[in-house]
2 protein chains.
Amino acid sequence: MLTRSLAGGPDAGDFRVVDEALPEPADGECRVRHLYLSLDPYQRSAMAGRHRLGRGPLVAGDMPAAETLGQVLRSRHRGYREGDYVRHFGGWQEYALSTGERTERVDPALAPLSAWLGVLGMPGLTAWASAVELAAVQAGQTVLVSAALGPVGSLVGQLAIQRGATAVGIAGSDEKCAIVTGEFGFRACVNYRQEGFLERLRAALPDGADVYHDNVGGQLLADAFSVLKVNGTVILCGLMERYNDPAKSKSLDLALPIMKRAVMKGLVVSDFEHRRPVFEAAGAHFARLMRGENVGKALVVLGPEAAT
Amino acid sequence: MLTRSLAGGPDAGDFRVVDEALPEPADGECRVRHLYLSLDPYQRSAMAGRHRLGRGPLVAGDMPAAETLGQVLRSRHRGYREGDYVRHFGGWQEYALSTGERTERVDPALAPLSAWLGVLGMPGLTAWASAVELAAVQAGQTVLVSAALGPVGSLVGQLAIQRGATAVGIAGSDEKCAIVTGEFGFRACVNYRQEGFLERLRAALPDGADVYHDNVGGQLLADAFSVLKVNGTVILCGLMERYNDPAKSKSLDLALPIMKRAVMKGLVVSDFEHRRPVFEAAGAHFARLMRGENVGKALVVLGPEAAT
């Protein structure tokens, strides 16, 4: 739980582990033991009350929201049996009750359990919505991706490569960039924290980018516009630059998209929930091809059973 | 000509009329007497060197650029005969030479001469590119238009209405709004200078807008996002708010397009030059249906022959 309301970036002292009695499932509920807990940038804005998934600003004593992967221990819900693996919004805790709302059974034979919170979870669906549904990346195109080591960015690039495009990444250290090119197959990756970033970005994209997947906003988006081709596409998918500090966000100079005749599209992953079956149908194949459930995605391992 | 370099909004003292000898056309040139001269917002940024049509910042003694409609008085160009009416970039002067570059003959039987700088000119092409090509306005949609009395905005709304959509305008006075609804057929028009603008805008769009045509940027764009439907389209077509003062521009908070899953498209009219034949083929019909060559478009009448 939170020990106080948050201001600025959270630190360890803002959180405390609390022991509570195990809740008994009522009729129509089941109790889930969490094995994996997903950490995602939206959780910061949810804590501040700036996100749809939150319940207004959290105060001391509240439990942060999170998507979790767990196993049903006791069930009084006829849709779930003991032993089933499910994914739901269980929050930052080891056990939770589910009424079945936003709860899906997952098949551990199809993909590793952790993948259901990564490649086959919200980050995978987000990346798929960006590269396949909104940008409709084509063979021969060049796709620039911010936060390229992250769970969404790494998958956007890999989906683009799978579709015959070339991926170029942006990340925050040379070590991250080495993984992005070495493990994920991006053609290049540029460290935005190193001097001369814009020149190196231009050198990595001599012909410009057809698509830019933006997770960051701010100055990085302005820089990306300078390498975007005329008539290029920008997917607006996140504003990392301001999750911790809303004042820090630099907004977009509109002359940039006008000059580039850009098409910009805002992406909210929940719009694509109804496409999850289509997305997950290609899932096993997708999960086999994609790398980085562990590198890209921040998961908290909660139980020994999780080591599957 | 300019009497000095411009800083801030230009005023009358910045300009002076200069008499010069009539230039003689060389081989391959013709001399055009201008009848109409078009005044457009881009000319301000061109004077400051911030526009493609300009030649860098203008200094004292320079002549501002402008599109003009005139009659060929003497021709040594085999494409044009004396008496032909032509549209070209002749600048702020009564006579100019043309080599035929960016010069088109116009048919005064098809539409009034002044219409070739308005409904059938750059403003018309811009409005058509916005409503037809980029936004692809459909019957039953609602289209919100800023600067709705202006040459582009008034035509965007009328094209939308022609396609079976409903147009709602934004303008800077009640008098302007009365023309926008009374003459141009917009369903409503909201005066942004009057108190309670946002509430009145919301009242005028109880179901929201499918499309917003933006000529302004800044706070008006942010306000428009608050009435844009989810998955709505925004055409970014101009930044009037900063033609006179680049520092004044408020840029766009990216949370707005993300929240609305908006599709934003930058429009530069010169991209649609190759579509002019398609656009003008529907021209006579278009010109007859559209109102506001005189209300919407700022033209300088230069000759008595212009009164056709």
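Protein chains get the first letters and strands the later ones, always in sequence-line order, with residue 1 at the start of each.
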Exercise. If you tally heavy-atom pairs under 4.5 Å against chain B, which of Asn231(A), Leu256(A), Val263(A) wins?
Worked result: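 Most pairs with chain B among the choices: Val263(A).
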Exercise. Do Ile258(A) and Leu267(B) come within less than 4.5 Å of each other through their side chains, counting heavy atoms only?
Worked result: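 No, too far: nothing below the 4.5 Å cut-off.
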Exercise. Going from CG on Asp271(A) to CZ on Arg261(B), what distance comes out if it is rounded to the nearest 0.5 angstrom?
Worked result: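 Spacing of CG (Asp271(A)) from CZ (Arg261(B)) equals 4.0 Å.
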Exercise. Is the CD atom of Glu199(B) crowded by more than 12 outside heavy atoms at less than 6.0 Å?
Worked result: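 Atom CD in Glu199(B) is crowded, with more than 12 foreign heavy atoms closer than 6.0 Å.
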Problem set entry | Nearest heavy-atom neighbours spanning Leu254(B) and Leu221(A) |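 The pair with the smallest heavy-atom distance is CD1-CD2, 3.2 Å.
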Problem set entry | Heavy-atom contact with chain A under 4.5 Å, split by part of Leu134(B) |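 Nothing of Leu134(B), per the 4.5 Å heavy-atom cut-off to chain A.
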For this session: Examine whether an atom of Leu236(A) lies under 4.5 Å from a heavy atom of chain B, and if so say whether it belongs to the side chain, the backbone or both; otherwise answer neither.
Result: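 Both the backbone and the side chain of Leu236(A) come within 4.5 Å of chain B.
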